[in-house]
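Throughout, protein chains are lettered first and strands after them, A, B, ... in sequence-line order, and every chain is numbered starting at 1.
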2 protein chains.
Amino acid sequence: MENRVERIKKQLHEQSYKLTPQREATVQVLLENEEDHLSAEDVYLLVKEKAPEIGLATVYRTLELLNELEVVDKINFGDGVSRYDLRKEGASHSHHHLVCIECGAVDEIQEDLLAEVEKIVEKDYQFKVKDHRLTFHGVCHRCQAKVKKNEESAEAASLHTN
Amino acid sequence: MENRVERIKKQLHEQSYKLTPQREATVQVLLENEEDHLSAEDVYLLVKEKAPEIGLATVYRTLELLNELEVVDKINFGDGVSRYDLRKEGASHSHHHLVCIECGAVDEIQEDLLAEVEKIVEKDYQFKVKDHRLTFHGVCHRCQAKVKKNEESAEAASLHTN
DNA sequence: TATAAAAACGATAACCATTCTCATTTTAAA
DNA sequence: TTTAAAATGAGAATGGTTATCGTTTTTATA
């Protein structure tokens, strides 16, 4: 995975952006937390561990830059903060999420589920699709188990008190 | 459509929320602009025409209340403001949008396109789906026409100058 | 109809994620 | 090494949204 950083650095260089320690540290943090849907604040705190002198504004600027370079995707789950996901390398963007309304866990699902829907949209609505976001809100399997368990113990307690 | 307001009023009453002129005016505005994906500010300005004494905070409170009552859906296109859509009555939620990256126009698409995808998610990911959001970002048919036109005139201009 | 408690209101201050400003530092190429 | 352009950090500014608080309105009851 070391090459991943190198390739991103190369990409910066090719587009004549400067290579700074702050940018490198930010990319490192994103790589080390690839599954975590970090907010700018999250990234800031993590980068600060490596490079304590970094400013929050720089983190925002770097994330914005990486978004423009299509290295990260800026996503929004409606909770008031933007989150930044590293794109799967080479592959398509990753905009399909399962957000658990119980515990807040965010899972990802396979990318090709929408191919058919996209075709219909392009044809029926004469709409040239460039990108898409699909988010399901619901209850993840862990919380389904938890809820079931709680219901059972509540039932047991009710038996005791009656 | 007059009954629509009455039913929402009834719903408020049943859940022992008070019926105020501000709430009624807000619902009226939402009904009269059903296709427009209004922001809170938009609603505020429109309600002010009917009831100039209303405050912005009340509009926010009312929209939040209507969202909890599932009369409106609070949606987010990633442009920094929440928008509020009246739900199609009785029917399911309306969370499928086409957002044009050229002109910002927002169109809606039919609701049943995701039924199959939802089934797969519930089965393969053991995820109980409660709600979903699907947004395509791309170029609407009007802007496709516009872009084509611009390219043609640019070509013509280039011919002249050569 | 009068009354009183709870709910809702308007104005505006507070909040907070994000962006902007600006003086200083760093980068990269000659 | 020099230099101009780019990037940085600190913190002020912005803007959408929420909280506060004293006043007004609603609704249930007498």
Side-chain angles (χ1 to χ4, degrees), chain A residues 8-29 37-69 71-84, chain B residues 8-29 37-69 71-85 104:
Chain A
I8 295 170
K9 282 161 78 174
K10 193 173 163 195
Q11 194 177 347
L12 281 169
H13 187 257
E14 278 168 0
Q15 310 202 23
S16 54
Y17 291 107
K18 293 185 174 169
L19 234 56
T20 66
Q22 291 90 339
R23 285 175 177 172
E24 189 161 352
T26 302
V27 170
Q28 284 287 1
V29 162
H37 308 288
L38 301 175
S39 69
E41 183 81 27
D42 295 336
V43 174
Y44 172 60
L45 293 174
L46 288 166
V47 175
K48 245 180 137 53
E49 292 173 12
K50 290 181 198 297
E53 76 292 346
I54 200 172
L56 180 57
T58 300
V59 171
Y60 272 102
R61 281 185 288 234
T62 303
L63 291 172
E64 198 55 41
L65 173 61
L66 293 174
N67 183 232
E68 276 161 30
L69 295 180
V71 171
V72 305
D73 290 311
K74 186 176 181 177
I75 58 180
N76 189 309
F77 294 132
D79 60 350
V81 296
S82 293
R83 297 175 182 281
Y84 299 84
Chain B
I8 294 171
K9 281 161 78 173
K10 193 175 163 192
Q11 194 177 347
L12 281 169
H13 187 258
E14 278 167 1
Q15 310 202 22
S16 53
Y17 291 107
K18 293 185 175 169
L19 234 59
T20 65
Q22 291 89 340
R23 284 175 178 171
E24 190 161 349
T26 303
V27 170
Q28 284 286 2
V29 162
H37 308 288
L38 300 175
S39 69
E41 183 81 26
D42 294 336
V43 174
Y44 172 61
L45 292 174
L46 288 166
V47 175
K48 245 180 140 50
E49 291 173 11
K50 289 181 199 297
E53 76 291 348
I54 200 171
L56 179 58
T58 299
V59 171
Y60 272 102
R61 281 186 289 236
T62 302
L63 291 172
E64 198 55 40
L65 174 61
L66 293 174
N67 183 233
E68 276 161 29
L69 294 180
V71 171
V72 305
D73 291 311
K74 186 175 180 177
I75 58 180
N76 189 309
F77 294 130
D79 60 351
V81 297
S82 294
R83 297 174 182 281
Y84 299 84
D85 280 14

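- Atom pair A:Ile75:CD1 and C:dT18:P shows a separation of 13 Å (rounding to whole Å applied).
- Computed from coordinates, the B:Phe77 CZ to D:dG16 P distance equals 17 Å when rounded to whole Å.
- Closest approach to the A:Leu56 side chain among C:dT18, D:dT20, D:dT17 is made by C:dT18 (side chain taken as heavy atoms from C-beta onward).
- Side-chain proximity of A:Pro21 to the nucleotides D:dT26, C:dT18, C:dT27 is greatest for C:dT27.
- In this structure, A:Thr20 reaches the D:dT8 phosphate: one of its side-chain N or O atoms is under 4.0 Å from OP1 or OP2.
- The CD atom of A:Gln15 sits 12 Å away from the P atom of D:dA7 (whole-angstrom rounding).
- Taking the side chain of B:Ala57 as heavy atoms from C-beta on, and the options C:dT12, C:dA7, C:dC20, the nearest nucleotide is C:dT12.
- What separates CD of B:Glu24 from P of C:dA8 is a distance of 15 Å, to the nearest Å.
- Close to C:dA7, at under 4.0 Å from its OP1 or OP2, lies no side-chain N or O of B:His13.
- In this structure, the nucleotide among C:dA6, D:dA10, C:dA28 sitting nearest to the side chain of A:Arg61 is D:dA10.
- Of the charged side-chain nitrogens involved, at least one lies within less than 4.0 Å of a carboxylate oxygen, so that B:Lys74 and B:Glu64 count as a salt-bridged pair.
- Closest approach to the B:Arg23 side chain among D:dA7, D:dA28, C:dA8 is made by C:dA8 (side chain taken as heavy atoms from C-beta onward).
- Proximity note for B:Ser82 (side chain, C-beta onward) versus C:dA7, D:dT17, D:dT8: the nearest is D:dT17.
- If you find the closest nucleotide of DNA chain D to A:Glu53 and to B:Glu64, the one lying nearer the 5' end belongs to A:Glu53.
- Among the nucleotides D:dT26, C:dC9, C:dT18, the one closest to the side chain of B:Gln22 is C:dC9.
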Stepwise, does the side-chain contact (heavy atoms from CB on, under 4.5 Å) test hold for A:Ile75 with A:Phe77? CA-CA 7 Å; A:Ile75 58 180; A:Phe77 294 132; 3.6 Å; yes

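- What separates NZ of A:Lys18 from P of D:dA4 is a distance of 12 Å, to the nearest Å.
- Remark: P of D:dT23 and CD1 of B:Ile54 are 21 Å apart, rounded to the nearest angstrom.
- If you take CG of A:Asp79 and P of C:dA17, they are 10 Å apart, rounded to a whole angstrom.
- Looking only at distances, no side-chain donor or acceptor of A:Arg23 sits under 3.5 Å from a matching main-chain atom of A:Thr62.
- Atom CG of B:Leu12 and atom P of D:dT27 are 10 Å apart (whole Å).
- Picking from C:dA29, C:dA28, D:dT18 the nucleotide with the shortest atom distance to the side chain of A:Leu19 gives C:dA28.
- The side chain of A:Tyr60 places no N or O atom within less than 4.0 Å of a non-bridging phosphate oxygen (OP1 or OP2) of C:dT19.
- Contact annotation for B:Glu41: no contact, since no heavy-atom pair falls under 4.0 Å across all strands.
- For B:His37 and B:Tyr84, the distance between ring centers is not under 6.0 angstrom.
- Of the possible polar contacts, none joining the A:Thr58 side chain to the A:Ile54 backbone as a donor-acceptor pair under 3.5 Å is found.
- A side-chain donor-acceptor contact under 3.5 Å links A:Gln11 to the backbone of A:Leu69.
- Nearest-nucleotide mapping onto DNA chain D: of A:Leu65 and A:Lys48, the residue sitting toward the 5' end is A:Leu65.
- Side-chain atoms of B:Lys74 lie closest to D:dT18 of the nucleotides D:dT26, D:dT18, D:dG9.
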